[in-house]
Amino acid sequence: ANLVWGSDGKLYGTACNGGAYGKGTVFQITTNGLWTTLCSFASTNGANPASSVLLSRDGNIYGTTQSGGTGFGAVYCLTPSGTLSTLGSFDFLRNGAFPLSALVEDAAGNLYGTASGGGGGGTGSGTIFEIPATNHQLIVGVATLNDTPHSGLVAGPGDIFYGATFNSLYQFTTTDGA
């Protein structure tokens, strides 16, 4: 996954494997090469992060893991003090499965992302999901895609998001879905 430049001048990223339990890590690295593992995944709290992290305006680090949790991947939060918590897991039917792309944040602090499978009662080929700012313990499938997402979402003006599947481009607004 891509590295993310923090306001503290450090780079933040994920490793899909390795760490204390062999299930991946979130790390920071300075431009001088000083590497710090911030957390290790252990399957129950997520496993195998494949996406970039989101350095949120609230000071926390958010991201997804492509497996683990209690289902088909998880969303996690890492606080500045180093506390890792799982916000929720993907269930395949309602909110998708196997998220592989970074989260984006809207002006209200809601988080959005794409999952590469599931949704639509299990009939979809992917899902756009939301994690409401008012309840970060909930992953809501807000739109089912008929084609597998090829990328995450890009935030545009006015809380309009854009994305790509393997065969098309789409626009998503928080008021009317994809």
Side-chain angles (χ1 to χ4, degrees), residues 1-69 72-90 96 98-116 126 128-133 136-137 139 148-166 169 172 174:
N2 293 330
L3 295 173
V4 176
W5 191 267
S7 61
D8 59 2
K10 297 175 183 169
L11 296 163
Y12 292 82
T14 60
C16 190
N17 296 302
Y21 310 103
K23 300 293 183 182
T25 67
V26 175
F27 64 86
Q28 73 179 20
I29 188 167
T30 67
T31 56
N32 295 329
L34 179 61
W35 179 285
T36 304
T37 298
L38 301 176
C39 70
S40 291
F41 293 97
S43 234
T44 55
N45 63 0
N48 311 110
S51 65
S52 298
V53 297
L54 169 67
L55 303 178
S56 176
R57 292 186 302 271
D58 68 8
N60 294 319
I61 297 172
Y62 294 95
T64 61
T65 64
Q66 64 179 327
S67 58
F72 299 90
V75 176
Y76 63 87
C77 175
L78 180 62
T79 66
S81 64
T83 302
L84 176 66
S85 59
T86 302
L87 300 180
S89 295
F90 291 88
F98 317 118
L100 298 174
S101 301
L103 298 171
V104 293
E105 184 174 29
D106 71 8
N110 300 304
L111 306 177
Y112 294 90
T114 59
S116 64
I128 298 172
F129 63 87
E130 174 188 12
I131 302 155
H136 272 171
Q137 300 296 312
I139 303 172
T148 303
H150 185 64
S151 68
L153 299 169
V154 175
D159 289 334
I160 298 174
F161 300 94
Y162 301 89
T165 68
F166 282 114
L169 301 175
F172 167 79
T174 58

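Atoms considered below: every heavy atom in the structure, side chains included; atoms not considered: hydrogens, waters and symmetry mates. Here, residue 1 is the first one in the sequence, and each next residue gets the next number.
Relative ring orientation between Phe161 and Tyr112 is described as tilted, the plane-to-plane angle lying within the 30° to 60° band. The aromatic rings of Phe27 and Trp35 lie parallel to each other, their planes meeting at an angle below 30°, with 60° marking the opposite boundary.
Considering every non-hydrogen atom in both Phe41 and Ala47, the closest pair reads CB-CA, 4.2 Å. The minimum heavy-atom distance between Pro99 and Thr65, with the atom names listed, is CG-O, 3.3 Å. Shown here for Leu103 and Gly63, the closest heavy-atom pair between the two residues is CD1-N, 3.8 Å. Considering every non-hydrogen atom in both Ser151 and Thr114, the closest pair reads O-OG1, 3.3 Å. When all heavy atoms are compared, the tightest approach of Ile139 to Gly88 is CD1-C, 3.4 Å. Counting all heavy atoms, side chain and backbone alike, Leu55 lies closest to Trp5 at CD1-O, 4.0 Å.
Counting heavy atoms from C-beta outward, Val104 and Val154 have side chains that stay 4.5 Å or more apart. Within the 4.5 Å cutoff, the side chain of Lys23 has no heavy atoms near those of the Cys16 side chain. Considering only heavy atoms from C-beta on, Leu111 stays 4.5 Å or farther from Glu130 through its side chain. Side-chain contact check for Val26 versus Val53: some heavy-atom pair is nearer than 4.5 Å. Leu38 has its side chain within reach of Tyr12: a pair of non-hydrogen atoms, C-beta onward, lies under 4.5 Å apart. In this structure the side chain of Leu84 reaches within 4.5 angstrom of the side chain of Tyr76, judged on heavy atoms. Annotation: side chain of Ile131 is in contact with side chain of Val75 (closest heavy-atom distance under 4.5 Å).
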As a quick check of understanding, evaluate side-chain contact (heavy atoms from CB on, under 4.5 Å) for Leu54 and Ser52, giving each step before the final call.
CA-CA 7 Å; Leu54 169 67; Ser52 298; over 6 Å; no
Walk me through it: do Thr148 and Phe98 pass the test side-chain contact (heavy atoms from CB on, under 4.5 Å)?
CA-CA 11 Å; Thr148 303; Phe98 317 118; over 6 Å; no
Determine, step by step, whether Thr64 and Ser51 satisfy the side chain to side chain donor-acceptor pair (under 3.5 Å) criterion, reporting the C-alpha distance in whole Å, the side-chain angles of both residues, the deciding distance to 0.1 Å, and the verdict.
CA-CA 7 Å; Thr64 61; Ser51 65; 3.1 Å; yes
If you apply the rule side-chain contact (heavy atoms from CB on, under 4.5 Å), what do you find for Asn48 with Asn17, and how did you get there?
CA-CA 6 Å; Asn48 311 110; Asn17 296 302; 3.2 Å; yes
Apply side-chain contact (heavy atoms from CB on, under 4.5 Å) to residues Thr83 and Leu78 and explain how you reach the verdict.
CA-CA 6 Å; Thr83 302; Leu78 180 62; 6.0 Å; no
Apply side chain to side chain donor-acceptor pair (under 3.5 Å) to the pair Asn32 and Thr30, showing each step before the final yes or no.
CA-CA 5 Å; Asn32 295 329; Thr30 67; 4.9 Å; no
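Between atom CG of residue Asn45 and atom CG of residue Leu87 there is a gap of 11.5 Å, rounded to the nearest 0.5 Å. Rounding to the nearest 0.5 Å places CD1 of Ile61 at 10.5 Å from OG of Ser56. Taken to the nearest 0.5 Å, the CZ atom of Phe90 stands 12.0 Å off from the OG atom of Ser67. Leu3 CG to Gln28 CD: the interatomic distance, rounded to the nearest 0.5 Å, is 12.0 Å. Within the model, atoms CG of Asp106 and CD1 of Ile160 stand 12.5 Å from one another, a figure rounded to the nearest 0.5 Å.
Side-chain N or O atoms of Asp8 include one that pairs as donor or acceptor with a backbone N or O of Lys10 at under 3.5 Å. Distance alone, capped at 3.5 Å, places no donor-acceptor pair between the Ser40 side chain and the Gly19 backbone.
A 6.0 Å sphere centred on OH of Tyr21 holds no more than 12 heavy atoms belonging to other residues, nucleotides or ligands.
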